[in-house]
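Before any comments, here is the structure.
For the single chain, residues carry numbers from 1 onward in sequence order. Values below: all heavy atoms of this structure, side chains included; hydrogens, waters and symmetry mates excluded.
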Amino acid sequence: MSLLRRFLLLLSMFVVASPAAAWWEYGHYSVATIASLNVKPETKREIARLIAKQKLLETPTCAVTTIEEASYWPDCIKTLGERFSYASPWHYQNVDVCKPFDQKSACRDGNCVSAQIDRNAKLLADKSLPDRERLMALAFLVHLVGDLHMPLHAGDKGDLGGNRFRASYGVIKGRNLHAIWDGYLADRGISTPPGEARGVLSDFTPEQRAEMSGGKTEDWARESWEAARQYAYGTVMTDPCGPVPETEPVIDEETTRRLIPVVRAQVAKGGLRLARLLDEALSPSAAPASTAG
């Protein structure tokens, strides 16, 4: 891990997590890098061609010079005020972890992460659209697939994806469950040796990777929703559907070590599934396939 990454990881332990930045930058960058390592050469060339058109986006403060920067663009544009405010609900879907899985209710107006993954995959595949629209669809697709694999963007307890659930991360007090999963756990999990995107991938055999890349968007949403119940809430509550503890729960070192494999698997799944969607949308040798459940 680079000295800069070590410094940023250390710094993250002392700053307040921002609930607006899903998986923070490191998680999104890692999902994007894993995808880039696994797409077909022709897909990679088309991604590079679209990214070369980044000036068409007219967002100079939110650069898109690499697929990693593209992965963070949909969070960066939140700083641009009303211009892109319509996209704010696209980053999550609040599906109650204490009721039967019901994505249709959470996505009935199309303004949810699953529906927008499907929509942007179709836009990216549509070669009749201007490059500006396809590049924007690329950035949203890369980002939103990452978002869907952060469990608290797929399921919650009526607490805004854990933003209203107070919890501590080790000695860092007064955080919330969403911020802990978004940043502290993601940074720790991805940086644990073997770290970075290639290290995360090395946890899994080629056969496991092939299996992980399968499924449809609704399958992935259900899987993340289950992870929210079992791991995000289940590790800090005896009963994930019981009352919120009066005493602020602590995710200690022992708990963190148990959760690291979960985080690494979610990041790997996000990257591998994103690679498949990109190939379907951009590879001349592959016909775009619907991901709708």
With a 3.5 Å distance limit and no angle check, can you tell me whether W220 reaches the backbone of G270 through a side-chain donor-acceptor pair?
no

S30/E196 under side-chain hydrogen bond (donor to acceptor under 3.5 Å, both in side chains): CA gap, chis, key distance, verdict:
CA-CA 7 Å; S30 300; E196 309 293 337; 5.5 Å; no

Any donor-acceptor pair under 3.5 Å from Q93 side chain to H153 backbone
no

Tell me every residue that passes side chain to side chain donor-acceptor pair (under 3.5 Å) with S128, counting only those two or more places apart in sequence or in another chain.
D126

Would V113 and H91 satisfy side-chain contact (heavy atoms from CB on, under 4.5 Å), going step by step from the backbone distance to the final call?
CA-CA 5 Å; V113 61; H91 297 252; 5.9 Å; no

Is a donor from one side chain sitting under 3.5 angstrom from an acceptor on the other, for S71 and E68?
no

Quick one: does L282's side chain get under 4.5 Å of R134's, heavy atoms only?
yes

Is the backbone N or O of I180 less than 3.5 Å from a side-chain atom of R175, with the two atoms forming a donor-acceptor pair by type?
no

Starting from the C-alpha separation in whole Å, work towards a yes-or-no answer on side-chain contact (heavy atoms from CB on, under 4.5 Å) for T192 and V263.
CA-CA 11 Å; T192 295; V263 171; over 6 Å; no

Tell me whether R209 contacts the main-chain N or O of L272 through its side chain, where contact means a donor paired with an acceptor under 3.5 Å.
no

Cluster overlap I117 with I67, hydrophobic side-chain contacts below 4.5 Å
yes

Using 4.0 Å as the upper bound for N to carboxylate O, is an ion pair formed by R257 and E254?
no

Among V39, N38, V145, which residue meets the side-chain contact (heavy atoms from CB on, under 4.5 Å) test with L274?
V145

For the side chain of S202 and the backbone of G199, is there at least one donor-acceptor N/O pair under 3.5 Å apart?
yes

Any side-chain heavy atom of R108 sitting closer than 4.5 Å to one from Q103?
no

OG/S114 to CD/E218 distance, rounded to the nearest 0.5 angstrom?
7.5 Å

Looking at G174 and S168, what are the two nearest heavy atoms and their distance?
N-OG, 3.6 Å

Could you please spell out the steps behind the side-chain hydrogen bond (donor to acceptor under 3.5 Å, both in side chains) verdict for Q54 and T65?
CA-CA 7 Å; Q54 71 146 335; T65 63; 5.5 Å; no

If you measure from the Lys or Arg side-chain nitrogens to the Asp or Glu carboxylate oxygens, is any gap between R49 and D131 under 4.0 Å?
yes

Does the side chain of T256 reach to within under 4.5 Å of the side chain of Y169, using non-hydrogen atoms?
yes

Assess whether side-chain contact (heavy atoms from CB on, under 4.5 Å) is satisfied between D102 and D96, documenting all intermediate values.
CA-CA 8 Å; D102 181 11; D96 194 329; over 6 Å; no

If you look only at pairs with a residue in residues 99-140, which of them pass as a ring pair (Phe, Tyr, Trp, His ring centres under 6.0 Å), with sequence neighbours excluded?
W73-F140, W90-F140, F101-W225

May I have the step-by-step check of side-chain hydrogen bond (donor to acceptor under 3.5 Å, both in side chains) for T66 and E69, ending in yes or no?
CA-CA 5 Å; T66 65; E69 286 188 346; 4.6 Å; no

Does D182 reach the side chain of M150, with side-chain heavy atoms less than 4.5 Å apart?
yes

N/O donor-acceptor pair under 3.5 Å between R264 side chain and V262 backbone
no

Would you indicate whether E133, at its atom CD, is surrounded by more than 12 heavy atoms from other residues, nucleotides or ligands within a distance under 6.0 Å?
yes

Beyond-backbone contact of E253 with R188, side-chain heavy atoms, under 4.5 angstrom
yes

Name all pairs fulfilling the salt bridge (Lys or Arg N to Asp or Glu O under 4.0 Å) condition that reach into residues 222-242, sequence neighbours left out, sorted by first residue then second.
E223-K269, E223-R273

Start with the C-alpha gap between H178 and D156, add the side-chain angles, then the distance that decides, and say whether side-chain hydrogen bond (donor to acceptor under 3.5 Å, both in side chains) holds.
CA-CA 10 Å; H178 190 107; D156 75 345; over 6 Å; no

Hey, is the main chain of T43 close enough, under 3.5 Å, to the side chain of E46 for a donor-acceptor pair?
no

Kindly indicate, with the supporting measurements, whether the criterion side-chain contact (heavy atoms from CB on, under 4.5 Å) is fulfilled by H28 and H143.
CA-CA 7 Å; H28 277 298; H143 180 89; 3.1 Å; yes

Less than 4.5 Å apart, side chain to side chain, heavy atoms only: is that true for L177 and I251?
yes

Under 4.5 Å between any side-chain heavy atoms of L57 and M136, yes or no?
yes

Whether the side chain of S224 engages the backbone of A221 through a donor-acceptor N/O pair (distance < 3.5 Å, no angle test) should be reported.
no

Is it true that D75 and K78 make a salt bridge, defined as a side-chain N closer than 4.0 Å to a carboxylate O?
yes

Side chain of R276, backbone of S213: donor and acceptor closer than 3.5 Å?
yes

Please report the shortest heavy-atom distance between N120 and A137, naming the atom on each side.
OD1-CA, 3.4 Å

Is a salt bridge present between D279 and K40, judged by a nitrogen-to-oxygen distance below 4.0 Å?
no

Evaluate the side-chain proximity of I34 to R198: yes if any heavy-atom separation is below 4.5 Å, no if none is.
no

